[in-house]
Amino acid sequence: MVANLRFFWALLGMTFKSATSQRGAMLVRAFFSVITHSIYIPVWTVVFSISPDISGWTMQHAFFAYGLSISCWGIVSLLAFGLRTIPEQIDHGEFDSYLTLPRPVLLSAAISSSKNTGLGELLFGTGLIIFCGVHFGMSLVFVPLFLVMGSVVFASGVLLFATFGFWLKQYFASAEEIYFNFSLMASRPAPVFSGVFKVIALTAIPVSLMSHVPIEFVFTHHFPLLGFAILGTLAYAVMAISFFKIGLRHYESGSRFGVRG
Amino acid sequence: MIKYFHFARISFGDHLKNRLRAFTRFLIFMLLAWVMIQMWRVIYANGHTPDGISLTDMSWYIGLSQLMVFLSPRIFVTIDDDVRSGNIGYFLNRPMPYLWMRFSEGFGALCGNILIYFIFGIPFLYLLIGNVPDCGTSVLLPIMALLLSASVLHLLFQIGCGLSTFWTNDAVFIYHSYQKVMILLGGMYAPISLYPDFFFPQILKFLPFAAMVGNNAGFLLPNTGDSFIELFLLQLFWIAIIVVALSGLYQICLKKVEVNGG
């Protein structure tokens with residue numbers, strides 16, 4: 001366990017070193033990432049100019065939820081972008097190199113690459129959360145915990161859906177679309193999810209654990225709710241990792257010839 | 001022209017053959033359409049009804065706006081991959097411009113999506129909403145025609161995003177930026193006519209984003225005052241502009257291609 005942790009930090013350091021070696025590109029992407037995500041502010045301004053609230057969900061909820069979801073997207077892009085490319089790596093047979101390493105395959109595959117737009121997403125998301133704290137007076141005490149929880153949920157969701165790539169060929173384009181919409185769903189108003197979709201949003205696609213439950217906790221300070229969210233996050237992570245291990249057994253080496261045309 | 005037709009034909013067949021990809025996309029469309037329509041249901045239930053627009057019409061507007069995004073294939077991913085992997089070097093040797101080869105492939109896949117989404121997507125929206133638009137089902141035919149040309153425009157924008165890989169090395173990030181601008185300026189979450197005055201909705205409706213999304217779905221809303229011909233001509237105008245711009249961009253890109261090796 002300690003050895004794995006040491007390996008994790010070393011790998012993370014190397015990935016960061018590689019990502020930040022192109023500082024100019026990283027900063028440009030971070031800047032454009034902030035500009036891009038800022039567009040959601042006028043989008044929600046339009047919606048809330050028509051309806052001041054959506055069953056109690058107001059502008060502050062929308063901004064906080066978007067801040068959380070985009071920060072988690074940024075954290076996963078920065079620290080574990082490899083998770084998002086698992087289906088592509090499977091299709092290209094790139095898992096062979098991880099299998100030869102003496103450490104957990106998942107750790108190597110997840111942390112092997114980083115996406116530098118993640119910095120902009122993280123900066124924008126945390127900026128939006130801080131704005132909610134300053135402007136709307138929302139409590140920020142538990143935000144670090146929410147970010148860790150949300151990132152674990154999002155990373156586990158990405159891993160779960162990426163693992164289908166062990167059985168499905170040419171799946172990576174579909175997978176990328178699923179991840180993007182997973183994150184997008186987390187920023188949608190909580191009152192929209194009712195009935196069977198509320199159950200889905202808490203289990204199979206637990207976007208509620210990323211944003212809806214933390215926001216409810218900020219307003220109610222109902223600690224059993226937070227406990228439930230932490231347990232749900234851990235259970236989802238364990239399920240995703242177990243599913244990946246099952247999938248890995250189906251991995252067929254990429255030792256194949258290529259044809260270009 | 002026949003070679004472009006064959007590229008489109010093969011891509012059409014290939015697109016329909018990959019059932020998993022089609023099914024996954026359709027599932028995402030259903031989920032997104034459901035969430036957005038449900039959001040408007042909640043807004044209407046709270047009594048915040050926009051003047052003159054019924055819940056049924058609003059739901060159809062939102063559903064059709066979502067549908068438009070799913071009609072075009074994600075061609076920018078293919079171009080991004082070609083540029084980054086260097087495979088573009090193999091395609092440039094062919095006796096047809098790479099740009100229009102990818103466009104014809106995209107158009108073939110678009111036709112496949114049209115088939116899927118018009119056959120299954122529109123009945124799904126009907127089942128979800130529970131009613132036809134207030135002005136009757138006949139309004140859906142011109143909207144479907146507008147959606148087709150809007151998707152061609154969307155496809156051209158995607159190719160532009162794909163070509164940006166020559167400078168950014170990441171078309172996905174450029175596409176996400178474009179997508180968010182489209183959400184705001186196209187009126188994907190709410191009809192442009194409901195935008196506050198400081199957004200200048202009267203100007204927004206002439207931009208290519210509205211020509212792709214809001215104007216088409218907005219055709220079923222009462223009191224928009226737009227005719228089918230006007231909307232179609234606006235789309236053709238933007239298609240012509242983007243085609244010229246893409247051709248120029250493609251020539252610049254060709255100068256940036258460096259082919260190494262033997």
Side-chain angles (χ1 to χ4, degrees), chain A residues 22 25 28-29 32-33 35-57 77 88 92 115-117 120-121 161 164 167-178 180-182 184-185 188-189 191-195 197 200-201 205 207 260-261, chain B residues 18 20-25 27-29 31-32 34-50 53 70 73-74 77-78 81 85 87 89-91 94 168-170 172-174 176-185 187-192 194-196 198-199 201:
Chain A
Q22 294 175 307
V28 167
R29 283 189 187 186
F32 276 101
S33 184
I35 299 288
T36 300
H37 291 292
S38 306
I39 293 172
Y40 264 104
I41 295 174
V43 167
W44 284 112
T45 306
V46 168
V47 173
F48 287 109
S49 73
I50 299 165
S51 170
D53 76 289
I54 301 169
S55 277
W57 188 272
S77 297
E88 202 172 351
H92 295 167
K115 188 158 185 168
N116 48 20
T117 51
E121 281 145 3
F161 289 107
F164 284 104
W167 291 275
L168 310 169
K169 296 295 167 201
Q170 290 186 322
Y171 168 69
F172 46 86
S174 304
E176 191 60 33
E177 211 152 12
I178 293 171
F180 180 70
N181 288 298
F182 190 111
L184 206 64
M185 287 285 171
R188 295 290 178 266
V192 166
F193 297 87
S194 56
F197 283 93
I200 292 172
I205 312 171
V207 289
R260 292 187 189 278
Chain B
N18 195 334
L20 168 77
R21 184 172 54 195
F23 177 72
T24 318
R25 282 200 97 198
L27 214 60
I28 295 169
F29 158 69
L31 199 63
L32 285 181
W34 180 85
V35 169
M36 290 310 294
I37 290 172
Q38 184 64 18
M39 186 180 90
W40 279 101
R41 277 184 181 150
V42 174
I43 290 174
Y44 273 73
N46 288 349
H48 302 296
T49 309
I53 303 176
F70 284 84
R74 290 162 65 88
V77 176
T78 314
D81 192 46
S85 65
N87 280 352
Y90 295 96
F91 297 116
R94 292 183 176 180
T168 61
N169 208 26
D170 185 7
V172 178
F173 135 73
I174 295 292
H176 283 169
S177 304
Y178 153 73
Q179 199 183 27
K180 287 185 176 71
V181 173
M182 188 170 71
I183 287 173
L184 176 66
L185 303 184
M188 281 201 58
Y189 286 9
I192 291 171
L194 297 180
Y195 276 34
F198 58 84
F199 278 99

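Values below: every heavy atom of this structure, side chains too, minus hydrogens, waters and symmetry copies. Residue numbering restarts at 1 for every chain, and letters A, B, ... go by the order of the sequence lines.
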Task: Residue B:Thr24 versus chain A: region with a heavy atom under 4.5 Å - done: side chain
Task: Shortest non-hydrogen contact between B:Ala190 and A:Val46, atoms and distance - done: CB-CG1, 4.2 Å
Open item on the list: How close do A:Val192 and B:Trp34 get, counting heavy atoms only, and between which atoms?
Closed with: O-CH2, 3.6 Å
TODO: Evaluate the side-chain proximity of B:Tyr44 to B:Ile53: yes if any heavy-atom separation is below 4.5 Å, no if none is.
DONE: yes
- [ ] Counting only heavy atoms closer than 4.5 Å, note whether A:Pro189 contacts chain B via side chain, backbone, both or neither.
- [x] side chain
Task: Minimum side-chain heavy-atom gap A:His37-B:His176 below 4.5 Å - done: no
TODO: Go through the atoms of A:Ile35 and report whether side chain, backbone, both or neither lie under 4.5 Å from a heavy atom of chain B.
DONE: neither
TODO: Taking the side chain as every heavy atom from C-beta outward, state whether A:Phe161 and A:Ile205 have any atom pair closer than 4.5 Å.
DONE: yes
Open item on the list: Between B:Met188 and chain A, with a heavy-atom cut-off of 4.5 Å, which part of the residue counts as in contact: side chain, backbone, both or neither?
Closed with: neither
Task: Best-contacting candidate, A:Pro42, A:Pro191, A:Ser49, against chain B by heavy atom pairs under 4.5 angstrom - done: A:Pro42
TODO: Check whether B:Leu32 gets within reach of chain A through its side chain, its backbone, both or neither, counting any heavy atom under 4.5 Å.
DONE: both
Task: Which of B:Asn46, B:Leu31, B:Val42 touches chain A most, by non-hydrogen pairs under 4.5 Å - done: B:Asn46
Task: Toward chain A, the part of B:Tyr178 with a non-hydrogen atom under 4.5 Å - done: neither
TODO: Name the region of A:Trp57, side chain, backbone, both or neither, that has any atom closer than 4.5 Å to a heavy atom of chain B.
DONE: neither
- [ ] Search all heavy atoms of A:Phe193 against all heavy atoms of A:Met185 and return the closest pair with its distance.
- [x] CZ-O, 3.8 Å
- [ ] Against chain A, label B:Ile174 side chain, backbone, both or neither, depending on which of its atoms sit under 4.5 Å from a heavy atom there.
- [x] neither
TODO: Please lay out, stage by stage, how B:Trp40 and A:Ile50 fare under the test side chain to side chain contact (heavy atoms under 4.5 Å, CB included).
DONE: CA-CA 11 Å; B:Trp40 279 101; A:Ile50 299 165; 3.8 Å; yes
Task: Pairs of heavy atoms under 4.5 Å with chain B: top-ranked of A:Ile178, A:Ile200, A:Asn181 - done: A:Asn181
Open item on the list: What I'd like to find out is whether the side chain of B:Phe199 reaches to under 4.5 Å of the side chain of B:Leu184, using heavy atoms alone.
Closed with: yes
TODO: Side chain from CB out, backbone as N, CA, C, O: work out which of these in A:Val47 comes under 4.5 Å of a heavy atom of chain B, or both, or neither.
DONE: side chain
TODO: Taking the side chain as every heavy atom from C-beta outward, state whether B:Arg74 and B:Arg25 have any atom pair closer than 4.5 Å.
DONE: yes
Task: Segment of B:Ile28 engaging chain A (4.5 angstrom heavy-atom cut-off) - done: side chain
TODO: Against chain B, label A:Ser55 side chain, backbone, both or neither, depending on which of its atoms sit under 4.5 Å from a heavy atom there.
DONE: both
Task: pair A:Ile54-B:His48: side-chain heavy atoms closer than 4.5 Å - done: no
TODO: Let me know if B:Val77 has heavy atoms under 4.5 Å from chain A in its side chain, its backbone, both or neither.
DONE: neither
